[in-house]
Amino acid sequence: MSATVTPYEDGPLLLRGDFEIVTPDGDRIEQEGATVALCRCGKSRRKPFCDGTHKLVGFTAPADREKPLS
Ligand code: FES
């Protein structure tokens, strides 16, 4: 399996490729396509998937690594 995860500025993590999403117990979570958007704002009503709520709550995050606190 090979997959890429792309963080989008102020938005979800896009997961593309060949992957499975499973619960901590190992149960498979059905996905809607070959590319999925995973919530990273914590406010989606469809976790672990993004439902667009990040825009309503003003979630902010960089598209690359966060700078360490100095
Ligand atoms: S990142 Fe989109 S709803 Fe959380």
What verdict does the side-chain contact (heavy atoms from CB on, under 4.5 Å) test give for Ile21 and Phe19, after you've listed the backbone C-alpha separation in whole Å, the side-chain angles of each residue and the deciding distance to 0.1 Å?
CA-CA 7 Å; Ile21 302 173; Phe19 58 84; 4.1 Å; yes
Could you tell me the separation between the CZ atom of Arg46 and the OG1 atom of Thr53, rounded to the nearest 0.5 Å?
10.0 Å
Donor-acceptor under 3.5 Å (Arg16 side chain, Ala34 main chain):
no
Quick one: does any side-chain atom of Asp51 pair with a main-chain N or O of Ser44 as donor and acceptor, under 3.5 Å?
no
Among Val36, Thr6, Val5, which residue meets the side chain to side chain contact (heavy atoms under 4.5 Å, CB included) test with Leu13?
Val5
Kindly check if the number of other-residue, nucleotide or ligand heavy atoms within 6.0 Å of CZ (Arg28) is above 12?
yes
Any donor-acceptor N/O pair, Arg40 side chain to Tyr8 backbone, under 3.5 Å:
yes
Could you tell me whether the side chains of Thr23 and Asp25 share a donor-acceptor contact shorter than 3.5 Å?
no
Minimum heavy-atom separation for His54 and Pro12, please, with both atom names.
CE1-CD, 3.8 Å
Taking Ala61's backbone N and O only, do any of them form a donor-acceptor pair with Asp10's side chain (distance below 3.5 Å, no angle check)?
yes
Can you measure from NZ (Lys43) to SG (Cys50) and round to the nearest 0.5 angstrom?
14.0 Å
Over 12 foreign heavy atoms within 6.0 Å of NZ, Lys47
yes
Interatomic distance, Gln31 atom CD to Leu38 atom CG [nearest 0.5 angstrom]:
9.5 Å
